[in-house]
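Structure first, then comments.
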Amino acid sequence: MILVVEDEADAARLLQYHLQRHGYRTRVATDGRTALNIALTERPDLVVLDLMLPHLDGFELCRLLRAAPVTATVPIVMVTARSDTTDRLKGFRLGADDYVTKPYEMAELLARVQRLLRRPPGPSLLTQFTDL
Ligand code: CA
């Protein structure tokens, strides 16, 4: 199951539609707290995580997912509205595996999702250097 964390209903629906067309089961969470609950109880195979969210933002959620043993190695693709390098670096430091910048091409996001799901599980290289 792919957990789509996105508070904008249209964006969430579109993403869910394309993921399902490619054979993935999906869940959508429209805020950070709901996303955390679903992730901890259902352990998704991958999380697509928008940064700007109500309650818990994407960075905080990413940090919490990495800290919890059950979700520590679940691949996370961050979706950021900003093309800012600082956000991407912060995301990687917190354990995100990949990112796309809004507005993204659906084909690019799907390619990144497929790549991460083929990868054997394990901590990403960057999460080993969280103090950098
Ligand atoms: Ca958002």
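FYI, side chains are in, hydrogens and waters are out, and symmetry mates aren't considered; it's all heavy atoms of this structure. One-based numbering, in listed order, for ligands and for the atoms of each.
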Identify, with sequence neighbours excluded, every residue that meets side chain to side chain donor-acceptor pair (under 3.5 Å) alongside R27.
E42
Sequence neighbours excluded and cut-off under 3.5 Å, please list the side-chain donor-acceptor pairs for residues 33-40, or say none.
{"unit_1": "T34", "atom_1": "OG1", "unit_2": "D31", "atom_2": "OD1", "d": "3.2"}
{"unit_1": "T34", "atom_1": "OG1", "unit_2": "D31", "atom_2": "OD2", "d": "2.7"}

Should R25 and D45 be marked as a salt bridge (charged side-chain N to carboxylate O under 4.0 Å, His left out) after you check the CA-CA gap, both sets of side-chain angles, and the distance that decides it?
CA-CA 10 Å; R25 288 189 309 115; D45 301 305; 5.3 Å; no
Excluding waters, which protein N, O or S atoms are within less than 3.0 Å of the Ca ion (ligand 1)?
D7 OD1, D50 OD2, M52 O
Please check if the side chain of R63 supplies one atom and the backbone of L94 the other of a donor-acceptor pair under 3.5 Å.
no
Let me see the working for E6 and M52 under side-chain contact (heavy atoms from CB on, under 4.5 Å), right down to the final yes or no.
CA-CA 8 Å; E6 169 62 79; M52 305 300 282; over 6 Å; no
Which side-chain N or O atoms in residues 11-20 pair as donor and acceptor under 3.5 Å with protein atoms at least two apart or in another chain?
{"unit_1": "R13", "atom_1": "NH2", "unit_2": "D10", "atom_2": "OD1", "d": "2.8"}
{"unit_1": "Q16", "atom_1": "NE2", "unit_2": "T26", "atom_2": "OG1", "d": "3.1"}
{"unit_1": "Q20", "atom_1": "NE2", "unit_2": "T26", "atom_2": "OG1", "d": "2.9"}

